[in-house]
Amino acid sequence: MNALAATNRNFKLAARLLGLDSKLEQSLLIPFREIKVECTIPKDDGTLASFVGFRVQHDNARGPMKGGIRYHPEVDPDEVNALAQLMTWKTAVANIPYGGAKGGIGCSPSDLSISELERLTRVFTQKIHDLIGIHTDVPAPDMGTNPQTMAWILDEYSKFHGYSPAVVTGKPIDLGGSLGRDAATGRGALFATEALLNEHGKSIAGQRFVIQAVTLVGRESSVVSCQWMSRRILILFSSSQGFGNVGSWAARLIHEQGGKVVAVSDITGAIKNEKGIDIESLFKHVKETRGVKGFHDAHPIDANSILVEDCDVLIPAALGGVINKDNANEIKAKYIIEAANHPTDPDADEILSKKGVTILPDIYANSGGVTVSYFEWVQNIQGFMWDEKKVNDELKTYMTRGFKDVKEMCKTHNCDLRMGAFTLGVNRVARATVLRGWEA
Ligand SMILES: NC(=O)C1=CN([C@@H]2O[C@H](COP(=O)(O)OP(=O)(O)OC[C@H]3O[C@@H](n4cnc5c(N)ncnc54)[C@H](O)[C@@H]3O)[C@@H](O)[C@H]2O)C=CC1
Ligand SMILES: O=C(O)CCC(=O)C(=O)O
């Protein structure tokens with residue numbers, strides 16, 4: 001089932017549980033605005049290249065629309081639509097004052113140079129600058145984008161509207177980014193996992209984890225050096241330092257809490273060590289070799305089988321639809337924490353539910369990223385910077401509260417955690433929609 005069909009199906013099930021009338025249901029489903037732009041840039045070799053960019057603004061009943069921008073070859077309008085809708089429910093589950101949006105450009109970032117990525121980002125921003133804004137729509141990083149991408153958007157947007165740090169979140173700290181945002185989605189997933197395991201009388205320590213997408217070869221994600229060039233600072237990024245943002249932080253934090261990470265994957269392959277992988281030495285290896293492949297203290301396994309490896313907790317942290325009817329029956333984990341967006345197809349949901357697997361759904365499990373984006377936006381608007389402890393403590397409060405709110409809806413509607421989260425999010429947005437008189 002494609003991402004949009006799957007998301008619509010979950011929304012409609014929730015609308016039915018809530019007893020929404022059909023007009024309201026329809027108005028909640030239809031996106032506010034869908035933007036499609038052609039971005040043509042000169043490549044470094046002088047030829048021209050064109051890329052299609054999207055921004056879908058799904059809903060703004062509860063506040064400015066909010067969501068990441070993805071650079072990936074598989075970006076398509078239906079998926080961006082689904083991801084934008086998921087953001088609407090996610091910000092409502094987190095109970096932060098936002099609606100939902102998502103953007104993307106169909107491109108392979110690892111095939112583009114830093115200058116080409118900068119030109120592409122600036123052209124995309126030129127095409128959408130009058131449709132985003134601090135109180136309208138606030139982008140952030142998603143797959144294939146990073147703080148540097150946000151810095152380029154901020155700079156390009158500011159040429160038209162004056163210096164506006166709050167127009168994007170997930171920025172570099174030097175430009176008003178929040179401490180703790182880089183780790184926030186992984187840290188939020190850790191808090192979510194703790195909340196779920198505690199409820200089942202367990203803790204992170206002692207559980208066996210499998211984590212997908214811990215690194216990304218070819219992704220430029222962290223500043224490693226600055227050098228003067230003419231009169232401009234050229235910031236160089238090291239692709240060898242690039243880790244999948246969500247998977248790498250989840251792995252590091254779970255390892256720190258005494259969780260045993262028995263298998264991990266990235267684009268170079270998958271590795272396993274039944275005794276537990278030493279995550280810090282794995283990351284040293286990745287820095288040197290640009291991937292998990294060949295790590296001395298683990299053995300290689302088939303990358304396609306990572307999701308069905310024997311473990312207690314499975315954390316998908318890459319693309320959508322990876323858990324589907326073809327592999328759901330083979331999954332051995334007792335818990336799935338959806339750090340990625342829509343990793344589980346509805347067919348797989350049904351199979352896994354029959355097998356007794358508990359799934360912590362994306363719109364709650366990965367909401368730590370957008371929650372700290374909200375803290376960043378608040379700090380920018382106030383012109384006041386929080387320390388990292390405050391950010392992490394507040395994140396824990398929001399994630400713990402979110403889990404309780406989801407569970408409450410599960411009790412009220414006698415449903416699983418996915419429907420608990422969907423009914424929670426949809427109900428909050430429906431209430432705001434009716435209060436604003438928009439339902440007709
Ligand atoms: N960055 C954030 O704050 C948030 C991200 N997410 C979701 O988490 C997931 C990962 O996002 P990020 O970590 O930000 O992206 P990233 O770009 O930092 O890392 C992506 C990871 O996916 C893997 N990957 C890419 N294409 C792949 C393919 N064809 N097959 C297997 N693996 C592949 C890469 O190797 C890499 O490890 C996405 O679903 C994203 O929407 C959700 C909430 C917030
Ligand atoms: O931080 C944000 O605003 C959005 C993060 C995002 O794209 C997501 O939660 O899927």
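Order of listing sets the numbers, starting from 1, for every ligand and every atom in it.
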Selection from P316, A318, A270 by shortest heavy-atom distance to atom 22 (O) of ligand 1: A318
Ligand 1 N/O within reach of R70 N/O, cut-off under 3.5 Å: yes
Region of M87 engaging ligand 1 - heavy atom pairs below 4.0 Å: neither
Heavy-atom gap E74 to ligand 1 smaller than 4.0 Å: no
Per-atom contacts, ligand 2 versus D142 - under 4.0 Å to a heavy atom: 7 (O), 10 (O)
Region of N341 that comes within reach of ligand 2 [heavy atoms, distance under 4.0 Å]: side chain
Residue portion contacting ligand 1 (non-hydrogen atoms closer than 4.0 Å) for N146: neither
Test item: L131 and T136 side chains (from C-beta on) under 4.5 Å apart, heavy atoms: no
Per-residue contact class, A339 against ligand 1 - non-hydrogen pairs under 4.0 Å: backbone
Any donor-acceptor N or O pair under 3.5 Å, side chains H255, E280: no
Closest protein heavy atom (residue, atom, distance) for atom 2 (C) of ligand 2: A140 CB, 3.3 Å
Atoms in ligand 2 with a heavy atom of G68 nearer than 4.0 Å: 4 (C), 6 (C), 7 (O)
Distance-only polar pair, side chains of D278 and S281, donor-acceptor under 3.5 Å: yes
Carboxylate-amine/guanidinium contact R208 D310, below 4.0 Å: yes
Identified side-chain contact (heavy atoms from CB on, under 4.5 Å) partner of P31 from the options H58, Q57, Q85: H58
Ligand 1 contact on H72 by region, counting heavy-atom pairs under 4.0 Å: side chain
Side-chain ion pair, D349 and R9, N-O less than 4.0 Å: no
Closest candidate by heavy atom, reference atom 28 (C) of ligand 1, pool I306, V292, L319, D266: L319
Contact (N/O only, under 3.5 Å) between T145 and ligand 1: no
Proximal ligand 2 atoms for K66, defined as those under 4.0 Å from one of its heavy atoms: 2 (C), 3 (O)
Ligand 1 atoms in contact with A317 (distance to a heavy atom under 4.0 Å): 9 (C), 10 (C)
Ligand 1 versus V246: contacting region, heavy-atom distance under 4.0 Å: both
Atoms in ligand 1 flagged as close to I267, the criterion being non-hydrogen separation under 4.0 Å: 26 (N), 27 (C), 28 (C), 33 (C), 35 (O)
Contact check: R181 vs ligand 1, nitrogen or oxygen atoms, below 3.5 angstrom: yes
F375/Y398 aromatic ring centres below 6.0 Å: yes
Pair R181, N245: side-chain N/O donor-acceptor within cut-off below 3.5 Å: no
A140 contact mode with ligand 1 (heavy-atom cut-off under 4.0 Å): neither
Which segment of R181 sits under 4.0 Å of ligand 2 when only heavy atoms are counted: side chain
Ligand 2 atoms in contact with K90 (distance to a heavy atom under 4.0 Å): 8 (C), 9 (O), 10 (O)
K102 heavy atom under 4.0 Å from ligand 2: yes
E79 and H342, any side-chain heavy atoms less than 4.5 Å apart: yes
Those atoms of ligand 2 less than 4.0 Å from some heavy atom in S373: 1 (O), 2 (C), 3 (O)
Sub-4.0 Å heavy-atom contact, Q212 with ligand 1: no
Ligand-side contact atoms (ligand 2) for residue partner M87, heavy atom cut-off under 4.0 Å: 4 (C), 6 (C), 7 (O), 8 (C), 9 (O), 10 (O)
Intermediate values then yes/no, side chain to side chain donor-acceptor pair (under 3.5 Å), T149 and N146: CA-CA 5 Å; T149 323; N146 58 40; 3.2 Å; yes
Any side-chain heavy-atom pair of L117 and Q148 under 4.5 Å: no
Check: E338/T344 side-chain N/O donor and acceptor closer than 3.5 Å: yes
contact_flag G170 ligand 2 heavy-atom lt 4.0 Å: no
Close N or O approach (K102, ligand 1; < 3.5 Å): no
Atom indices of ligand 2 within 4.0 angstrom of G369 heavy atoms, with elements: 1 (O)
Pair D155 + R122: basic N to acidic O under 4.0 Å: yes
Side-chain donor-acceptor pair present, D347, N324, cut-off under 3.5 Å: no
Aromatic ring proximity H129/H161, centre distance under 6.0 Å: yes
Exercise: do Y71 and T121 side chains pair donor with acceptor under 3.5 Å: yes
Backbone or side-chain N or O of G144 under 3.5 Å from ligand 1 N or O: yes
Any donor-acceptor N or O pair under 3.5 Å, side chains N341, N366: yes
Close approach, H342 and ligand 1, non-hydrogen under 4.0 angstrom: no
Non-hydrogen side-chain atoms of Y364 and L417 separated by less than 4.5 Å: no
Winner among L83, N341, T169 once heavy atoms are compared against atom 42 (C) of ligand 1: N341
